[in-house]
Amino acid sequence: MINQKCSTLLLKDRRRRRIIKCIYVVGFMDLFGVSMIIPLLSHHVKALGASPTVAGIVGSTYGILQLFSSTIVGSWSDVVGRRYSLLTCLQLSALGYGLLGMSTSIALFVLARIPVGLFKHSLSICRALLSDLVSASERPLVMGHFNAASSVGFILGPVVGGYLTEHEGGFYTSSFTCAAIFIINAGLVWMIPQSETLADRNDTVCRNDTSAGYHENHFSKSVQNGSHTNSHHPLLTAETQQESTSPGKHQGGFRWRDVSFLQPVWKQLSSVGSRIHIVASSDMWDLFLVRLLMAIAIMLYYSNFSLAMEERFSLKPKMTGYLISYSSTLGALAGFLVGPVTQLYKNNMPALLLHSTVLTCTLIFLYAAAPNVWQVLLTSTFFAISTTIGRTCITDLELQRGGVQASGTLIGAGQSVTAVGRILAPLLSGLAQEFSPCGPPSLGVVLALAAVALLLIRIPKWDAREMTKTAKLRNSK
């Protein structure tokens with residue numbers, strides 16, 4: 001009996017690992033296809049006869065749509081399930097890139113960017129799905145590997161896109177290739193089983209020992225369409241922070257009721273609105289503010305990098321390109337370090353976030369004050385690592401605070417916050433450059449210091465809340 005139960009768990013674990021690897025492939029191909037197109041968009045808009053002002057307005061369309069749709073689509077994936085929402089996003093994104101391949105006018109170009117801006121949230125839903133599939137202790141490792149796979153795709157994509165562009169009709173070929181990649185991704189997601197029962201392996205021991213027997217200390221996650229379908233998850237109203245140790249309930253986060261995608265649209269929209277309201281009225285403002293401050297600081301670091309290298313060190317654009325590629329490659333490889341580093345910190349994510357933020361702030365300062373290129377090279381090396389770890393940390397903390405049931409809403413909200421940073425960073429960078437080429441990174445140092453100060457104030461409160469929660473759980477046993 002014990003051996004049979006162990007065999008069943010091992011079989012489920014192998015299925016889960018196959019799904020995780022499939023999601024890695026989807027993440028790699030997603031950014032591979034997108035990065036083929038991104039460097040070519042401005043040239044194509046100019047070739048269509050757009051003025052610089054019109055090109056800027058057209059370019060901002062995607063960012064504005066992403067700002068408002070990220071949280072909505074993420075919450076919708078919590079409502080109807082990951083598999084269905086991911087399939088929808090991939091197919092509509094493929095439609096958008098297909099239309100882009102047929103864009104022979106500005107109007108058609110803008111039309112093609114609308115479905116992509118509204119539904120290009122496949123990576124966010126993939127991250128939410130991964131958080132459904134793994135335990136809290138495994139999550140940083142799996143997220144780090146996913147980010148690494150996606151980053152490798154982002155590095156290789158421009159190489160292929162640039163090669164295709166050299167041939168006649170290269171932009172249209174790249175667009176149709178990107179659309180085909182998204183269709184292939186949709187096929188991979190369609191192959192994921194609609195209903196899969198996954199066991200949380202946290203604190204689970206499988207032993208072939210007759211004296212000790214088999215001890216199982218876990219709770220099961222029933223995943224249908226990639227979302228939880230356990231009937232013990234009523235939708236929260238005002239009391240969003242209730243703890244439960246019963247099987248089938250998520251510990252220490254929001255608890256939600258799932259709505260099938262077969263339900264009427266108005267019911268789905270009502271549930272999406274309720275979830276967004278719960279997250280918006282929660283006490284997670286500090287995490288989102290840290291995310292915003294660090295997003296702007298990092299974008300300010302990169303905002304005028306090429307221009308600053310030329311003005312400060314007379315570095316040619318070719319060498320600057322090599323330096324940026326070197327940093328991007330390290331950032332991709334740093335994803336594989338997330339797991340070992342979190343184990344070194346014993347999964348103490350607040351402390352790891354604080355230390356990575358302090359390191360990032362220090363490196364931005366050293367870059368701003370760098371007397372030579374070699375110091376810039378040194379700071380770029382560690383900057384890529386610290387920012388990769390920091391992004392994974394803050395996402396994991398958001399999921400810890402909000403709960404895996406709200407992962408789509410939380411990750412979507414985080415992407416919306418980052419989108420705000422993308423809007424503000426160019427404006428702040430332009431203002432700072434009026435004073436000095438070192439102005440943008442210097443302003444980034446100030447914002448990163450603000451993030452460090454906020455963490456120093458809030459982390460003790462997080463720890464106190466966690467201790468209170470642990471005490472309540474012990475008293476309830």
Side-chain angles (χ1 to χ4, degrees), residues 25-67 69-70 73 86-126 149-190 306 317-318 321 324-325 328 332 419 422 426:
V25 175
V26 171
F28 167 80
M29 294 180 65
D30 186 293
L31 279 190
F32 176 79
V34 170
S35 62
M36 290 173 55
I37 300 297
I38 291 177
L40 312 177
L41 290 176
S42 58
H43 297 284
H44 184 64
V45 173
K46 185 177 180 181
L48 293 176
S51 65
T53 302
V54 173
I57 295 173
V58 171
S60 65
T61 302
Y62 175 82
I64 294 172
L65 290 174
Q66 287 271 298
L67 170 63
S69 64
S70 293
V73 174
L86 186 53
L87 279 172
T88 302
C89 287
L90 288 171
Q91 290 170 356
L92 290 175
S93 296
L95 173 64
Y97 287 115
L99 289 174
L100 195 64
M102 296 183 290
S103 60
T104 55
S105 65
I106 298 295
L108 191 56
F109 183 91
V110 174
L111 179 64
R113 298 300 285 166
I114 291 175
V116 177
L118 289 175
F119 293 99
K120 176 57 186 73
H121 301 292
S122 44
L123 290 180
S124 298
I125 299 177
C126 283
S150 303
S151 299
V152 171
F154 194 78
I155 293 171
L156 297 179
V159 179
V160 178
Y163 172 77
L164 293 176
T165 308
E166 293 180 355
H167 298 78
E168 185 178 355
F171 176 81
Y172 301 105
T173 303
S174 299
S175 298
F176 286 126
T177 303
C178 182
I181 287 173
F182 274 80
I183 292 173
I184 293 172
N185 270 351
L188 290 174
V189 173
W190 181 79
S306 298
K318 182 179 179 180
I324 294 174
S325 298
S328 300
R422 291 194 186 100

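Just so it is clear, the structure is predicted and the values come from calculations on it, not from any experiment.
- Take Phe171 and apply the ring-ring contact (aromatic ring centres under 6.0 Å, His included) test, not counting sequence neighbours, and it matches His44.
- Between His121 and Ser70 the shortest heavy-atom distance is CE1-OG, 3.2 Å.
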Full working for side-chain contact (heavy atoms from CB on, under 4.5 Å) between Leu156 and Val160: CA-CA 7 Å; Leu156 297 179; Val160 178; 5.7 Å; no
Can Leu188 and Val25 be said to form a side-chain contact (heavy atoms from CB on, under 4.5 Å), step by step? CA-CA 9 Å; Leu188 290 174; Val25 175; 3.9 Å; yes
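- In this structure, the side chain of Ser93 does not engage the main chain of Leu90 through any donor-acceptor pair within 3.5 Å.
- Between Gly98 and Phe176 the shortest heavy-atom distance is O-CE2, 3.5 Å.
- Atom CD1 of Ile183 and atom SG of Cys178 lie 10.0 Å apart (nearest 0.5 Å).
- Looking at every heavy atom in both residues, Leu108 comes nearest to Met102 through CD2-O, 2.9 Å.
- No side-chain heavy atom of Ser105 sits under 4.5 Å from any side-chain heavy atom of Leu48.
- By the ring-ring contact (aromatic ring centres under 6.0 Å, His included) test, Tyr163 is found to be paired with His167, residues two or more places apart in sequence or in another chain being considered.
- With rounding to the nearest 0.5 angstrom, the CG atom of Leu164 is 4.5 Å from the OG atom of Ser174.
- Residue Val116 comes nearest to Gly96 through the heavy atom pair CG2-CA, 3.7 Å, listed as atom of the first residue, atom of the second, then distance.
- Distance check, rounded to the nearest 0.5 Å: CZ of Phe109 to CG of Leu99 gives 12.0 Å.
- The shortest distance between side-chain heavy atoms of Trp190 and Gln91 does not fall below 4.5 Å.
- The CD1 atom of Ile37 sits 3.5 Å away from the OG atom of Ser175 when rounded to the nearest 0.5 Å.
- Between the OG atom of Ser51 and the CD1 atom of Ile106 there is a distance of 8.5 Å, given to the nearest 0.5 Å.
- For Ser35, the side chain to side chain donor-acceptor pair (under 3.5 Å) criterion is met by no residue, not counting sequence neighbours.
- Taking 4.5 Å as the limit, some side-chain heavy atom of Tyr97 sits within range of a side-chain heavy atom of Val34.
- Here Leu95 contributes atom CG and Leu100 contributes atom CG; the two are 11.0 Å apart, rounded to the nearest 0.5 Å.
- When all heavy atoms of Ser328 and Ile155 are compared, the closest pair comes out as O-CD1, 3.6 Å.
- Shown here for Gly27 and Leu123, the closest heavy-atom pair between the two residues is CA-CD2, 3.9 Å.
- Phe154 CZ: 12 or fewer foreign heavy atoms inside a 6.0 Å radius.
- Shown are Val189, Leu86, Asn185; of these, the side-chain contact (heavy atoms from CB on, under 4.5 Å) with Cys126 is made only by Leu86.
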